[in-house]
A.B. asks: 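Below is the structure I would like to discuss, written out as structure tokens.
Computation of the quantities below employed the complete heavy-atom set of this structure, encompassing side-chain atoms and omitting hydrogens, waters and symmetry-equivalent molecules. Read the numbers this way: they start at 1 and go in the same order the structure lists the ligands and their atoms. Just so you know, residue 1 is the first one in the sequence shown, and it goes up from there.
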Amino acid sequence: MLIDYHTHHERCGHAVGKLEEYVQRGIALGLQQLGLSDHLPLIHVDPEQYYPEMAMPLAELPYYVEECLTLKERYRGTIELRVGLEADYIEGYEEQIRELLAPYPWDYLIGSVHFLGEWDITDHRQTQGWEGQDVMSVYRRYYDAVQKSALSGLYDIIGHMDVIKRFGYGPQTPEDTAEVRMLELETLKVIAGSGIAMELNASGLTKPCAEMFPAEHVIAQALALGIPLTVGSDAHDPMKLGDGLTEARQLLWHTGFRELAVFEGRRRTLVPFEI
Ligand SMILES: [Zn+2]
Ligand SMILES: [Zn+2]
């Protein structure tokens, strides 16, 4: 089974291409399932005052879902489209997120921690946020938020679990490395306990950290804990759809995975994959 469960498009402001261009590219690549998963509109900062082009305007959300559903029907029999969203987990905003998501017939929802307060730790324009910070205390805050996202009941998939490493900020001593390993393992246990899946997000390969989200040792622990995995390219350009997913499937296969998690109507099933 060839799938890509993490994609964006022009509505978010920092991706290019219309939804249908991603669909066409998915067909050209021979994908059996393509998940559309653009960013949740910003809800905890004023979009007029914040960094521009972070996410689609709130008013666009119904049109996004409607277009996804129309394409799902139009391409039925050619490619299986799945209607999703990469819905930021923002601590303290759980009820607002729940209300925003409630009206729509999602196939799946990815819970991603991008924000620690108003700081988007994944935004290349905001890396100055690390200046003067104790890296380990940022890691502790980050993994605490990921654990809360898993426990929130809002999501089907934890997005890019160790994305905090994206810009290369990380532990500098053996003690700190050991603590990060412990934070990762604790978080995986919470995810396993919550019964939801995780993604292997290949986009980290092209970022300063130069490895996928999450790293190989985390994937191995996820397998041991029985956490199902799906895969996503996090493409922000139709021509980048599926990028890194051959490597992602190989990594999963060599770790011992033989099935991928797929979703419809928020019901998860496992399908075999090959490399
Ligand atoms: Zn994006
Ligand atoms: Zn993300």
A.B. asks: Any chance you could measure Gln133, atom CD, to Arg141, atom CZ, to the nearest 0.5 Å?
C.D. replies: 6.5 Å
A.B. asks: Check whether the side chains of Gln96 and His44 place a donor and an acceptor atom closer than 3.5 Å, and report yes or no.
C.D. replies: no
A.B. asks: Is there an N/O/S atom in His8 at a distance below 2.8 Å from the Zn ion (ligand 1)?
C.D. replies: no
A.B. asks: Would Trp106 and Phe263 count as a close aromatic pair, with their ring centres under 6.0 Å?
C.D. replies: no
A.B. asks: Centroid-to-centroid, His236 to His6, below 6.0 Å?
C.D. replies: no
A.B. asks: Indicate if the distance from the Zn ion (ligand 2) to the nearest N, O or S atom of His114 falls below 2.8 Å.
C.D. replies: yes
A.B. asks: Closest N/O/S atom of Glu86 to the Zn ion (ligand 2), by atom name?
C.D. replies: OE2
A.B. asks: How large, to 10°, is the angle at the Zn ion (ligand 1) when you draw lines to NE2 on His236 and to NE2 on His14?
C.D. replies: 110°
A.B. asks: So, His6 and the Zn ion (ligand 2): N/O/S under 2.8 Å, yes or no?
C.D. replies: no
A.B. asks: Evaluate whether atom OH of Tyr51 has more than 12 neighbouring non-hydrogen atoms of other residues, nucleotides or ligands under 6.0 angstrom away.
C.D. replies: yes
